[in-house]
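Let me begin by presenting the structure, written as structure tokens, before commenting on it.
Within every chain, numbering begins at 1; the chains are lettered A, B, ... in the order of the sequence lines, protein sequences first and strands thereafter.
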Amino acid sequence: MDIESRLIETVIEAVHKIYDQAPDKKTIQIQKTRKDFDGDFTLVVFPLLRISKKPPEQTATELGDYLQENIKEISSYNVIKGFLNLSIDKSFWLSFLNSVGNNTNYGFIKEHEASNTVMIEYSSPNTNKPLHLGHIRNNLLGYSVSQILKSQGNKVVKVNLVNDRGIHICKSMLAWQKWGEGITPEKAGKKGDHLVGDFYVKFDQEYKKEISELIEKGSSEDDAKKNAPLILEAQEMLRKWEAKDSEVITLWKEMNSWVLAGFDVTYKELGVDFDKVYFESDTYKLGKALVEEGLQKGIFIKKDDGSVWCDLTDEGLDQKLLLRADGTSVYMTQDLGTAHQRFKDYDANELIYVVGNEQNYHFQVLKLILGKLGYSWSEYLHHLSYGMVELPEGKMKSREGTVVDADDLIAGMVTTAEEMSNELGKLDDYSETDKKNIVETIGLGALKYFILKVDPKKTMTFDPKESIDFNGNTGPFVQYTYARIQALLRKADEKNITITEEVETNSEISAKELQLIKFIHTYPEVLSESAKNYSPAMVANYVYELVKEYNQFYHDHPIFSESDESKVAFRLYLSAQVSKIIKSGMSLLGINVPDRM
RNA sequence: GGUCUCGUAGCUCAGUUGGAUAGAGCAAUAGCCUUCUAAGCUAUGGGUCGAAGGUUCGAAUCCUUCCGGGAUCACCA
């Protein structure tokens, strides 16, 4: 049993013995002592005053006496107002540190028989334009949350549902047909997703011209939008696609393959991957059967024009369309169907959708409707709703060209990392390949950390004019600390100093060293909390705090000039443990750490 | 208009079952490399936690109202 649980149990026991009353477990609040005070753990006694019927200081003292007597690890305690600060003996912390050293997967929980199967859908791009910064947040979050859930013993299935059909896809296709002159990514020397994206933009420009022409001729704006020749042609193309017209299908396959090849490059750069990729062209017809079923059961209603709806007014929402009057399905219909399919195929205990918060309503409705249909697993749906990435001027808009392109951004980060390395002259004696690898690791580390350190739920701002920092609370700062520790360990090796397998539990250690050990102690809790909250930000912030502490230690505690050999051994051991956790934590964020930089 | 959501230092963000004097980074200023990587460390300044009420031993955190931003409420996805 861990120390905190033991403290709680003993407090319950103490209250029972001293005040002859059983306290509610919730009233026992053990927290880490704030660093301005002496101690390791603090019991807040205010909630217990009702039971003790004595002043806070007296209650705290009585409990402190009992705890010290019954838990041998407690070396002393002090009372300030209603706070009982308990100090845990140094030997406890040192033997704890040894247990970390002996553990190759500290903080991680192995998959076991009762493990949950969690399916997580993320990325889910449209194949009509390249990925932008918003997609980067989605991808990094999805990947990182998968890693975190795995670390806590879950079986995780990462899936990507590629949106490869629909009117928006036809727009790029049509524009290519009209103005492409047979160009291909090879001929253009361009990534396929960017090339196709260009045609999507081209379509929109021409479409807008047509609209303004029609408006000049006296059409209303709505009519102009509906009747512009281009949009009619695109709609016609979609009909042909649905009718499996061979010419359209051939073009569709080709252009999609260009885009997907482009995405693969970006995914690889970002280091994200999937266990299963679904294509909407295969799944878009799912769901109709469920709607039929709902109609039979009388859960849905059919209107006079033949359209099918779900009435959610009792839940305080509106009516939701499920089938159009012509019998074709909408987004919701498909999502009902794919969710159903997935639970059938994987028997998952949880299905997480990493999708922006602009779709909160959609997922609320999705869950409600599945519940109405009587599927108990609707409870297992979870919308991991993340905030938008905005520019200082506001939302990114693809049509106004204000999007931050994913590939450009990644390349820019790597270039910045390279410039900085050159400026600092740190990599001068490295081979080009090594240099390239390190610089990529740093650039991507900066980008990923920048995105992931922010609470997923929150809208975040990105200013393209200010480059992402490499100093302070950043990825490179964490990586740098790791590289420094590796340098220490290499140097120890050169000096033939072997890192001890265990430290003496009676070693002399400084306050800062003790603080570091206590920090290490909280890692497992941080991981379990971040899994519960689907929040890589909690891991990022923890790693930052750890690294900050370590750098202070590094600054104040020289190692190789220290004459006391046991201190040298201890500091190297401690450093090694810290670097292990840095690497582990960063890997959960999908960030690599370099051995030198 | 209905529903949801956010508001913490000049800027970007921590602060999670309500706990002690609200914290970091960036930016600014002043220091620290003949000593393990200065992408580092130290110090200084910077706050009506959007506002007002309420709940209680205690509120940035919970409740109400208001102010200000954002999202959403399509036979789009």
Whether A/Tyr480 contacts B/A39 is assessed here as follows: a side-chain N or O lying under 4.0 Å from the phosphate OP1 or OP2. Is that the case? yes
If you look only at pairs with a residue in residues 549-562 of chain A, which of them pass as a salt bridge (charged side-chain N to carboxylate O under 4.0 Å, His left out), with sequence neighbours excluded? A/Lys512-A/Glu549, A/Glu562-A/Arg571
Residue whose nearest RNA chain B nucleotide is more 5′ - A/Ser329 or A/Met420: A/Met420
Pull up the glycosidic torsion of B/C4 and say syn or anti, syn being anything within 90° of 0. anti
Quick one: the side chain of A/Thr459 and the base of B/A71, do they pair up donor-acceptor inside 3.5 Å? no
Qualifying residue for side chain to side chain donor-acceptor pair (under 3.5 Å) with A/Asn78, from A/Asn85, A/Thr33, A/Thr61: A/Asn85
Is there a donor-acceptor pair closer than 3.5 Å between any side-chain N or O of A/Thr27 and the backbone N or O of A/Pro23? no
Under 3.5 Å, N/O pairs linking protein and nucleotides 15-19 of chain B:
unit_1 : atom_1 : unit_2   : atom_2 : d
B/U16  : O2     : A/Asn533 : OD1    : 3.3
B/G19  : N7     : A/Gln29  : OE1    : 3.0

Geometric cation-pi criterion A/Lys171 and A/Tyr200, 6.0 Å radius, 45° cone: no
Of all of residues 438-447 of chain A, which get a heavy atom below 4.0 angstrom from RNA chain B, listed by number? A/Ile442
Is the charged tip of A/Arg484 near the ring of A/Tyr554: under 6.0 Å from the six-membered ring centre and within 45° of its axis? yes
Which is true for A/Thr461 with a 4.0 Å heavy-atom rule: it touches a base, it touches only sugar-phosphate, or it touches nothing? sugar-phosphate
Using heavy atoms to find the nearest nucleotide of RNA chain B for A/Asn360 and A/Met597 separately, return the residue whose nucleotide is more 5′. A/Asn360
Can you check nucleotides 24-28 of chain B for protein contacts, nitrogen or oxygen pairs under 3.5 Å, and list what you find?
unit_1 : atom_1 : unit_2   : atom_2 : d
B/A24  : O2'    : A/Tyr544 : OH     : 2.7
B/G25  : OP1    : A/Lys548 : NZ     : 3.4
B/G25  : O2'    : A/Asn473 : N      : 3.3

With sequence neighbours left out, write down each residue that passes side-chain hydrogen bond (donor to acceptor under 3.5 Å, both in side chains) with A/Glu525, or none if nothing qualifies. none
Both distances under 3.5 Å, Watson-Crick or G-U wobble: on that basis, could you give the dot-bracket string for RNA chain B, with [ ] for crossing pairs and | for other-strand partners? (((((((..((((.....[...)))).(((((.......))))).....(((((..]....))))))))))))....
Heavy atoms only, 4.0 Å cut-off, all strands: where does A/Gln334 land among base, sugar-phosphate and nothing? nothing
Round to the nearest Å and state the distance from A/Tyr386 atom OH to B/A71 atom P. 15 Å
Please give me the minimum heavy-atom distance between A/Asn227 and A/Leu232, naming the atom from each residue. O-CD1, 3.5 Å
Is A/Asp36 paired with A/Arg34 through a side-chain N to carboxylate O contact shorter than 4.0 Å? yes
